[in-house]
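What follows is a short report on a single structure.
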Number of protein chains: 4
Amino acid sequence: MIESPNHSENKRFWKRKKEVRPQEILKAATELFVEQGFSATKVAMVAKKAGVQPGTIYVYYENKEALFKAVIHAAMDPVLQYSNDFLKQYTGSSKNLLFELTHQWWKLMESEACAGIPKLVTAESKNFPDLTRFYMDQVLVHAKRIVEGVLEYGIQKNDFFVENLDISARIMMHSLHEITVYAHSFDSLADEKLDIELYLDQLASFFYKSLSNPHPVDRPLKGPEIQALNTEENHQ
Amino acid sequence: MIESPNHSENKRFWKRKKEVRPQEILKAATELFVEQGFSATKVAMVAKKAGVQPGTIYVYYENKEALFKAVIHAAMDPVLQYSNDFLKQYTGSSKNLLFELTHQWWKLMESEACAGIPKLVTAESKNFPDLTRFYMDQVLVHAKRIVEGVLEYGIQKNDFFVENLDISARIMMHSLHEITVYAHSFDSLADEKLDIELYLDQLASFFYKSLSNPHPVDRPLKGPEIQALNTEENHQ
Amino acid sequence: MIESPNHSENKRFWKRKKEVRPQEILKAATELFVEQGFSATKVAMVAKKAGVQPGTIYVYYENKEALFKAVIHAAMDPVLQYSNDFLKQYTGSSKNLLFELTHQWWKLMESEACAGIPKLVTAESKNFPDLTRFYMDQVLVHAKRIVEGVLEYGIQKNDFFVENLDISARIMMHSLHEITVYAHSFDSLADEKLDIELYLDQLASFFYKSLSNPHPVDRPLKGPEIQALNTEENHQ
Amino acid sequence: MIESPNHSENKRFWKRKKEVRPQEILKAATELFVEQGFSATKVAMVAKKAGVQPGTIYVYYENKEALFKAVIHAAMDPVLQYSNDFLKQYTGSSKNLLFELTHQWWKLMESEACAGIPKLVTAESKNFPDLTRFYMDQVLVHAKRIVEGVLEYGIQKNDFFVENLDISARIMMHSLHEITVYAHSFDSLADEKLDIELYLDQLASFFYKSLSNPHPVDRPLKGPEIQALNTEENHQ
DNA sequence: TATGAATGAGTCTTCATTCAT
DNA sequence: GATGAATGAAGACTCATTCAT
């Protein structure tokens, strides 16, 4: 079922007609998929939440899988449209740019449309490889480029000192990605919620401290203390 | 029915020691759950992979959900047994400690038993709240404590300068957690695989640069450049 | 799988009016439950008998138990609607009233809808306590009230002489109940069927002789003949 | 499964060896079958209650059905051994004989071994036709003969006046049977329990009044009041 | 376009029965 | 005789999908 090869002709099936009905279905589906995952979300639940009958969903979407893909694509629209042009016109401080990066990422990802999507894609990555690839190619690479742009901005202004641009960008991008996943998987169940704004500030600050530190760091030679860490030998 | 005649060779399968049977089931279940998630994994698939009949699974596990929980618990056992005692004995440099932290985390999480579990728990968090809480309380909090221990070690030796211990520890812990999730959700589908060892080195280095940077960082006052980032106005 | 190709002719089965569908299911279920009991009746058998697919049953009934309860309730509806109003209008002889009672009970219980239900409820009483209570409260109590009404009618007309109204009513009600149970449990297997009409006449006659007998009867003092009956001493 | 014809060779399989083990199994099985019926009673439950392993049951009984039949047969042993010889030596009053009949029946049927069996046989009659026939031939006919003997005793002494011996005996036998079925199906769930001793006394008294009433009773001619009873026309 | 009753293949789960020990 | 782990066929129930209206 999953990943059947005969979808070549509907590559853009998620560009659904702009009527109200499919929007409601998409909205309902997004919420349910994000909350419960693909398999656990039943088409009947989506229909009920959207205020339509199950059959109606199949008027707009070929099947549940197509609906799922449409949900992801629709949710990623805002992100895909988020251009990195702004970097070309940005003239502020490198430090401030980091704070903007973290807070804007959060604002973007937690906008009503795509909140929870990163977690959802993460969860279903193995079952929807093509969707995952789309997500990686479009969203993650896009995000990484923006981070790279930020780093280059700081490097150019001699504010940032980066040994390995690719991996540094990945580290930062992953940190940003992680927080959105965490928020939807764990924080909602935590006894005391994370203060996101504070977290984002600290994250930017953490980034800045690292990037503005001009001293290169090499891994020390491995010493005998490594064994101290490895206590696995006494596990069954 | 159709497939029944070709079972003549498994007539003595159940002769194996009874102790190993649940282990085999657990192993098969772990792999399948990690690969496909809870709902998409069928009990019959687990049975087949474990080389038993579907009914046998229910000799050892009350139901599919119990099997799932057993998988998570069993996988997390090595991690939970990984104590932070080593910090008390550790006498090396703060810098080296960071490298140990990242590499040991990876080694621990990617050991055969629990590879992919973080991703799995992340994915099913909403469907298994109690399991998620167990994971948060045991694994994440445990991991955070170790990170805090590392930070305190460096602070005490005057190598690290940390404004907010809690959030700094979270940031680092999340970074570590993220790579295990990323490895199982995305990296396996990536065209060019991430060089994990290099990534871990860079991550430790990134941590070190930030932590060893004594200059406090505050968020700059918000300026007009914020709007430049926000391009959301042209979305629905 | 093997049987799938021979369904081409039922393609339009579901075109029948939706109102009749649950009725057909109920009818099929009633017959099977009465014949075989709850556990021995398989949902698939009900579906087949009703001319629907197994899944269709779950469109109308939450589960097998709900279907069972619906069967009992639907079957008892006619009985519950059978009011005892007629007693208020009845002006005939007390004797005739007894004949009416027995024959009407039989006619009512053996009407298509509820034939065999008393036996079924009797059989499943332990497994469905709430249903049994419903049956007791509604059907048995109802029946007993009618019998009590009959007795009171005769007493008032000085035709009947009853020492203990409650127990006399129970005795008669039980006799009536018994024949419906007997008919469905045993008589169908008997070599020579019971002549029900004759039996009912004799039962009414038996009732009448007892009720019209004005001589009180007390239990004689226990004598030595009791031991003569008890031959249990030679059992384990 | 039920009623397979290849049991001809084990017609007396219930004459089980007199060891302790099968007795315990039989005892446990009897209680569970009586409480829950055949299908709802699981072999594993019987094993657990008997303090043995499931496999052990199959050492003594060919299968679940054989166990069931053994239960019924063993439980009926006391009844089958209950001879009607006592009638030949009975010299007391006819009235007292009726009281003995009712109370002895109850004592016999409610002895530990066979309490609840009538209800069980009633419930499973359709699924075990041969068992039902055995029960009818042995127990019910046996009981009816005793009742007939009682009636003949009274007739001979000119105390009883019976128009139709067969049906009168059936009526009385059914009344006795009914009370044992009722006790196990309904009375245990009733808010206020039936006072059995009182009921039995009243039943004997009811019998006596009827039997000692010398006036023949014929059914009156049907009159117009019959329609008054029939209110079925206003049911759907 | 929208419906919603019906489907029927598929899933989880049960449990009577077996058999090597 | 007794075990009890393993079986595997069968049953209750689900749900994505269809299609006549």
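Chain naming here is simple, since letters A, B, ... match the order of the sequence lines and numbering starts at 1 in each. Just so it is clear, the values below take in all heavy atoms, side chains as well, and ignore hydrogens, waters and symmetry mates.
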Notebook entry, point to check: When the distance from OH of Tyr60(A) to C1' of dT18(F) is rounded to whole Å, what number comes out?
Noted result: 17 Å
Check: In whole Å, what is the span from the CD1 atom of Ile25(B) to the P atom of dA5(F)?
Finding: 12 Å
Notebook entry, point to check: Only one of Leu131(D), Thr30(D), Val34(D) clears side-chain contact (heavy atoms from CB on, under 4.5 Å) with Leu120(D); which?
Noted result: Val34(D)
Notebook entry, point to check: Can you tell which of dA16(F), dT13(E), dC13(F) lies closest to the side chain of Pro54(B)?
Noted result: dT13(E)
Margin query: If you assign Tyr58(D) and Phe38(B) each to the DNA chain E nucleotide with the nearest heavy atom, which residue ends up on the more 5' nucleotide?
Written below: Phe38(B)
Check: What integer distance in Å separates Leu67(A):CG from dC15(F):C1'?
Finding: 15 Å
Notebook entry, point to check: Of all the nucleotides listed (dT7(F), dT13(E), dA5(E)), which has the minimum atom distance to the side chain of Val43(B)?
Noted result: dT13(E)
Item checked: Sole candidate of Phe38(C), Phe134(C), Phe33(C), Tyr135(C) that passes ring-ring contact (aromatic ring centres under 6.0 Å, His included) when paired with Phe128(C) -> Phe38(C)
Notebook entry, point to check: Counting any heavy atom closer than 4.0 Å, what does Ser39(B) reach on the DNA or RNA strands: base, sugar-phosphate only, or nothing?
Noted result: nothing
Margin query: Taking the minimum atom-to-atom distance to the side chain of Lys42(B), which one of dT11(E), dC13(F), dA16(F) wins?
Written below: dT11(E)
Next item on the list: Report the base-pairing partner of dA20(E) (Watson-Crick or G-U wobble, both distances below 3.5 angstrom), or none.
Entry: dT3(F)
Notebook entry, point to check: In terms of side-chain heavy atoms of Gln53(B), which of dT3(E), dC15(F), dG8(F) is nearest?
Noted result: dG8(F)
Next item on the list: Identify the nucleotide, in any strand shown, that forms a Watson-Crick or G-U wobble pair with dT11(E), with both distances under 3.5 Å; if there is none, say none.
Entry: dA12(F)
Notebook entry, point to check: dA12(F) P sits how many Å from Glu65(C) CD, rounded?
Noted result: 13 Å
Next item on the list: Can you figure out which of dA2(F), dT7(F), dA12(F) approaches the side chain of Val52(B) most closely?
Entry: dT7(F)
Notebook entry, point to check: dT13(E), dT7(E), dC13(F): which one has an atom nearest the side-chain heavy atoms of Asn63(B)?
Noted result: dT13(E)
Next item on the list: Look at the side chain of Lys48(B) and the backbone N and O of Gln53(B), then say whether any donor-acceptor pair between them is shorter than 3.5 Å.
Entry: no
Note to self: Using whole Å, what does the distance between atom C1' of nucleotide dC15(F) and atom CD1 of Ile57(A) come to?
What the structure shows: 12 Å
Margin query: Tell me the interatomic distance from Lys64(C), atom NZ, to dC12(E), atom C1', rounded to whole angstroms.
Written below: 17 Å
Margin query: Would you say NZ of Lys49(B) has more than 12 non-hydrogen atoms from neighbouring residues, nucleotides or ligands within 6.0 angstrom?
Written below: yes
Next item on the list: Send over the distance from Leu32(A) CG to dA16(F) P, rounded to a whole Å.
Entry: 12 Å
Notebook entry, point to check: Is the number of heavy atoms from other residues, nucleotides or ligands under 6.0 Å of Lys69(C) NZ greater than 12?
Noted result: yes
Margin query: Which is more 5' along DNA chain E, the nucleotide nearest Val59(C) or the one nearest Thr56(B)? Just name the residue.
Written below: Val59(C)
Notebook entry, point to check: How many Å lie between OH on Tyr61(B) and C1' on dA5(F), as a whole number?
Noted result: 15 Å
